[in-house]
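Encoded as structure tokens, the structure appears first; notes follow it.
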Amino acid sequence: MKIELTEVLWIDQYQELSLADLAKLSGLSETELNELVDCDAIMPINTNSTEWIFDAGCLAAAKTACRLRNDFELDTQGLSVALTLINQIHHLEMQLHDLRAQLPGRIF
Amino acid sequence: MKYKDYYNILGLERKATAEEIKKAYRKLARKYHPDVSKETDAEEKFKEVAEAYETLKDSEKRAAYDQLGSHQSGQDFQPPPDWGKQYGGSSFSFDDIDLSDLFAGLAGGRPNSNQRGSNISVPGQDYEVTAHITLEDAYQGTIVNLNISVPEYDENGHLHRVSRAFKTRIPKGVVDGQRLRLPGKGGTGFNGGHNGDLYLNIALHPHSLFRVSGHDLYLDLPVTPWEAVLGAAVEVPTLAGPVRLKIPPGTHAGQKLRLPKRGLPKPHDGEGNLFAIVQITVPTVLSERERAIFTELADISTFNPRGHFEQETKHEN
């Protein structure tokens, strides 16, 4: 059977999503996303606008929030605390990874 | 169909109360949830725990599960006669099916027979897979073949576990942890619900020479003491092939020499850098002449790399 080649879409800061897009892709409701934005757990690019735009990098955080909501029955306040801590851990892990990359791999 | 002991997975007796089931799930979910756990095989363990809880928390599904009887985990079994009629109407086939798929198809599952028969639109499920690729693949881009096993309903409404194959182009410039989306390649939606997406997580295999930090690469560059002192031009490997690198005179151990734009390509603009980290390597076996030259150098050199020790000690006294 011939399998067709599928092209992928990047999920990064160069791709933009509306609030409705982010809700559809993440599984969170627009109300939940509004509350997470109010708690600074997810940040739109244009905070001052009435029609929020998110970079697609937010999708990972929103999907994580959706999983945590479903798996732990967390409310939005609990989700925002968990997301903030998970973001901090990711940030520290990336710093650690970057520093390790700069260390010599061999000891002479 | 293989039996799974959901009570055993949650560490419970079969007579456990709903509250005990919830408590056991929460404890294990905190331990194994892939978003928060660093345990080995956390994702697999969490899937088992979540699957067990999904069935046992629902009184109707739990009753249906209990009716299956008690078997050894992993043992092949068939549900009792009429079990399908009693709990799922006529929409069950027990071939090519996993226990979790069976219970997902019961009322309260997603999407159940009622939803499929009604006008409620149900979006398809998103799936997530990890593609392990080499650094060279990330540099040049590559095509990967993916095979996933997922539950799907056939035209008669029977749930089956099916194998789906994809051939996907990984564009150049992906980094470790990069996520890519294949729209509409997840589970099939019902009643006009959109199909789910397939998410691809990129994981780079460790490379024998290069260490990766975002789009930058790091390479240990062994140099001789005389190359470090006098300077030299040496050949270094890059992902695009070897290049000549100038080592300036007086280069220190640990110094980072930057080779601009020799890192991974960035998806939208430019490239990362390659950093060669100087490692001064000394010969351990010396010829007589080499030893004589080093001895002469030691005699005539006034270089004192520990001079600041003395100054600091005097200063403190």
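Here is how names work: the chains are called A, B, and so on, in the same order as the sequence lines, proteins then strands, and each is numbered from 1. Only a predicted model underlies this, so the values are computations on that prediction, with no experimental measurement involved.
A donor-acceptor pair under 3.5 Å links the side-chain atoms of R211(B) to the main chain of L103(A), judged by distance alone. Put simply, the side chain of S213(B) never gets that close to the backbone of D216(B): no donor and acceptor are under 3.5 Å apart. D176(B) places a side-chain N or O within donor-acceptor distance of the main-chain N or O of L204(B), the cut-off being under 3.5 Å. Counting only distance, with no hydrogens or angles, the side chain of Q255(B) and the backbone of H252(B) share a donor-acceptor pair below 3.5 Å. Not one N or O on the side chain of Y218(B) forms a donor-acceptor pair closer than 3.5 Å with the backbone of K256(B). A donor-acceptor distance shorter than 3.5 angstrom exists from the side chain of S37(B) to the backbone of K31(B), with no hydrogens or angles considered.
For L198(B), no part lies near chain A; criterion is any non-hydrogen pair under 4.5 Å. For F210(B), no part lies near chain A; criterion is any non-hydrogen pair under 4.5 Å. Heavy atoms closer than 4.5 Å to chain A are found in both the backbone and the side chain of L180(B). I86(A) touches chain B through its side chain: at least one heavy atom from C-beta onward sits under 4.5 Å away, while N, CA, C and O do not. With a 4.5 angstrom heavy-atom cutoff, A50(B) does not touch chain A via any of its atoms. Contacts of Q95(A) with chain B are absent, with no heavy-atom separation under 4.5 Å from either backbone or side chain. Residue N145(B) does not touch chain A at all, counting heavy-atom pairs closer than 4.5 Å. For V174(B), the parts sitting under 4.5 Å from any heavy atom of chain A are the backbone and the side chain alike.
Contacts between residues 10-24 of chain A and chain B, counted as heavy-atom pairs separated by less than 4.5 Å, involve W10(A), I11(A), D12(A), Y14(A), Q15(A), K24(A). Within residues 38-47 of chain A, no residue has any heavy atom closer than 4.5 Å to a heavy atom of chain B. Identified by a heavy-atom distance below 4.5 Å to chain B, the contributing residues of residues 54-69 of chain A are L59(A), A60(A), K63(A), T64(A), R67(A), L68(A), in residue-number order.
By number of non-hydrogen pairs under 4.5 angstrom with chain B, the leading residue of L25(A), N70(A), L85(A) is L25(A).
More than 12 heavy atoms of other residues, nucleotides or ligands shown are found within 6.0 angstrom of NZ on K45(B).
For the ring-ring contact (aromatic ring centres under 6.0 Å, His included) test, residues two or more places apart in sequence or in another chain that qualify with F72(A) are H33(B).
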